[in-house]
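Every chain is numbered from 1, with letters handed out A, B, ... down the list of sequences. Everything numeric here is computed off the predicted structure, so don't read it as measured data.
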There are 2 protein chains.
Amino acid sequence: MVTLKQLAKELNVSISTVSKALNNSEEIGEETVKRVKELAELYNYKPNKVALSLKQNATKTIGVIIPDILNHFLAKVLFGIEREATKYGYNIITCISNESLEQEKESLRLLANGSVDGFILSVAEETQIKNEIEHFKRTITQGLPIVMFDRVAHDVLCDKVIVDDFDATFNATKNLFSENRKHIAFISTLDGLSVGKLRERGYKKAIFETTGGEPLVLKIKKKDDQQKKIMAFFKKNPEIDGVIAADSSSGIIAINTAVKLGLKVPKNISVIGFASKSDSYHTIPQLTTIRQHAKEIGTSAAQMLINRLQNKPIDVDVKTKIVKTTLIKGKSIL
Amino acid sequence: MVTLKQLAKELNVSISTVSKALNNSEEIGEETVKRVKELAELYNYKPNKVALSLKQNATKTIGVIIPDILNHFLAKVLFGIEREATKYGYNIITCISNESLEQEKESLRLLANGSVDGFILSVAEETQIKNEIEHFKRTITQGLPIVMFDRVAHDVLCDKVIVDDFDATFNATKNLFSENRKHIAFISTLDGLSVGKLRERGYKKAIFETTGGEPLVLKIKKKDDQQKKIMAFFKKNPEIDGVIAADSSSGIIAINTAVKLGLKVPKNISVIGFASKSDSYHTIPQLTTIRQHAKEIGTSAAQMLINRLQNKPIDVDVKTKIVKTTLIKGKSIL
DNA sequence: TTGAAAGCGCTAACAG
DNA sequence: CTGTTAGCGCTTTCAA
């Protein structure tokens, strides 16, 4: 890479002249500016980012820590963050915590050394289970703002972007009741997560409000065979005529399992799942989905962080933005 | 963030003494080292990454440019890259080209200013179609090594990690012939990509070698309704008794469609698709998949790049690593 | 209109 | 054993 120094030498002027010329300073003579710019162009000069960062004490880089890149929702949020960040001239450094508290801490620690100006993150499962928040607080105290999305630590004072998980399942369940379903089950692989709990509560509230009957909940662990669990669940509870799935794969597998068991979807059983558009094509009939607008969540999170970074006076009041879900009707409900 | 300067002042020693003490230099007295380390600990001192990068003229950061983060395969490669990079103390800056040549160029340009030490990338679809490679060459000439994976530009001299796409579909097709299938179709959404073409060729070669009959190919465009296309294809060609799907969703939809049409899988029709483990659970029976070992591809790519970065003498000969696919039998073939 | 110098935070050669 | 100095590439004040 060419440096100002090299250009200056070649042009027989000083480094500062070159710098000013390239930055369109009024101070420099027209002729000089022209000469400088031409040579810079020729050598494809680009200001060294690292030097700029050091000088300006800001990297224009955002640290993003997500628990799982293979999760379609999280990947899509990342996409949204990347788009928005790029738009404002920010780069993103991505770390994957793998749902591990240790890795989350480590990533935070490693990047909190001037590598990034702030963080956008979704809390790891282990962190939520152990309810650890010190590492977040420490980071914020150090002067690095954090924006949390989806899985948030409520006790940490920072900006947040969340989904209306409770309302989403509440409304979805109500929806199935309104098409006269009597035995609506809830299937979830997200038991350890704040969002999983909220979704379960929304479902239960709808059940209690409507029938006063017993909720029917199937919790699946990561290591379980999801297909087998769901098949066994359906066989054991043949009265099930509606399913709310808290995650994308459970909804897909529920439909396929129902079909396999000879049930007609949606004639005999309705299914609604948290899933993306592309997931909904993985079943026949197409899955009715609760969309979380992952990309918008990413966009909002990035906006909030960049906003905070650019408003120098440390704004004390934190904001929580709720991105509302939308129920997109496929053919899996009446 | 605390700096050496502040520590030095507080300790009444020089900056370099502090620096040396913290770096366990032999030069510094035991007592001093102790005092320095204690204060550093107290203030949670961490060397400023940006200053180090400037000094050492290396950022320990890798630029990763991928065409689509929502593609499960690419996301998994990214995961592999992140793991391996982290292991060696490298961070990754991720850019998403969105299959666009312009964005790919822009990302390369924006990061080639000292932000990263090298690149790992998979070529955007538009770039492959237009066959543009100048931006890659320019970057390499600038001294930034590139490692390409999966979708590579063969005319660019750089390290590459690729999949044995041709062999994979060739063998998969042969496999279906060996279970006595007579009318094997090929379904692909990847027509514009180098890997899509290779997969088609592998299939065709197997067809020609075995039956001498006509290949039966369905190409689906991004904007098409994939479910409808596949349904129509099956209806128009009821003789089909085997399917090789070049992408993950086509395989899943093919099985679901077959089931919908009343066919028994695998009794009446076998299906093999390029897909991940989690995808294979999206069908009943479980999809037989060609696994690309995405994570290993990421790991290898990262290793190759880091290796090149650490072997200062610019190694001229480039390597291409082929990661072999594995056929994982589900229940969708005999 | 141009240049010299300081400084961002750090390391390292060299001097004391 | 400790300190001074230079320098990584850049911007910016101040001096010429």
- prompt: Where along residues 20-36 of chain B does a heavy atom come under 4.0 Å from DNA chain D, residue by residue in number order?
  reply: K20(B), E27(B), I28(B), G29(B), T32(B)
field: Members of residues 4-16 of chain B that approach DNA chain D, where some heavy atom sits under 4.0 Å away
entry: V13(B), S14(B), S16(B)
Could you tabulate the donor-acceptor pairs under 3.5 Å formed by side-chain atoms of residues 154-161 of chain B, not counting sequence neighbours?
| unit_1 | atom_1 | unit_2 | atom_2 | d |
| --- | --- | --- | --- | --- |
| D159(B) | OD1 | R308(B) | NH2 | 3.1 |
| D159(B) | OD1 | K319(B) | N | 2.8 |
| D159(B) | OD2 | R308(B) | NE | 2.6 |
| D159(B) | OD2 | R308(B) | NH2 | 3.2 |
| K160(B) | NZ | V156(B) | O | 2.8 |

So, using side-chain contact (heavy atoms from CB on, under 4.5 Å) as the criterion, who are the partners of [X] when residues are at least two apart?
| X | value |
| --- | --- |
| T86(B) | E82(B) |
| I69(A) | I66(A), L78(A), I96(A), I69(B), A75(B), L78(B), F79(B) |
| Q128(A) | V123(A), R151(A), L193(A), S194(A) |

- request: Using chain A heavy atoms and a threshold of under 4.0 Å, write down where along DNA chain C the contacts begin and end, 5' to 3'.
  value: dT1(C) to dG9(C)
- prompt: Would you say the side chains of N113(A) and S115(A) form a donor-acceptor pair under 3.5 Å?
  reply: yes
task: Could you tell me whether the side chains of S14(B) and T17(B) share a donor-acceptor contact shorter than 3.5 Å?
output: yes
message: Using a 4.0 Å heavy-atom cut-off, does L54(A) contact any base of the nucleic acid, only the sugar-phosphate backbone, or nothing at all?
response: base
- request: Using a heavy-atom cut-off of under 4.0 Å over every strand shown, decide if T3(A) touches base, sugar-phosphate, or nothing.
  value: sugar-phosphate
message: Are the side chains of F136(B) and I146(B) in contact, using a 4.5 Å heavy-atom criterion?
response: yes
task: Enumerate the residue pairs fulfilling salt bridge (charged side-chain N to carboxylate O under 4.0 Å, His left out) with a member in residues 37-56 of chain A, sequence neighbours excluded, ordered by first and then second residue.
output: K34(A)-E38(A)
- prompt: How would you list all residue pairs meeting salt bridge (charged side-chain N to carboxylate O under 4.0 Å, His left out) that involve residues 2-25 of chain A, not counting sequence neighbours?
  reply: K20(A)-E27(A)
task: Take R35(A) and E31(A), measure what salt bridge (charged side-chain N to carboxylate O under 4.0 Å, His left out) needs, and give me the verdict at the end.
output: CA-CA 6 Å; R35(A) 278 177 61 221; E31(A) 178 58 25; 5.6 Å; no
- prompt: Which pairs, with at least one residue in residues 135-144 of chain B and sequence neighbours excluded, count as a side chain to side chain donor-acceptor pair (under 3.5 Å)?
  reply: E104(B)-H135(B)
message: Looking at K222(A) and E125(A), is there a salt bridge between them, counting it only when a charged N and a carboxylate O are closer than 4.0 Å?
response: yes
message: Run the salt bridge (Lys or Arg N to Asp or Glu O under 4.0 Å) test against K105(B) and tell me which residues pass, sequence neighbours left out.
response: E132(B)
query: chain B on DNA chain D: first and last contacting nucleotide, 5' to 3', under 4.0 Å to a heavy atom?
result: dC1(D) to dG9(D)
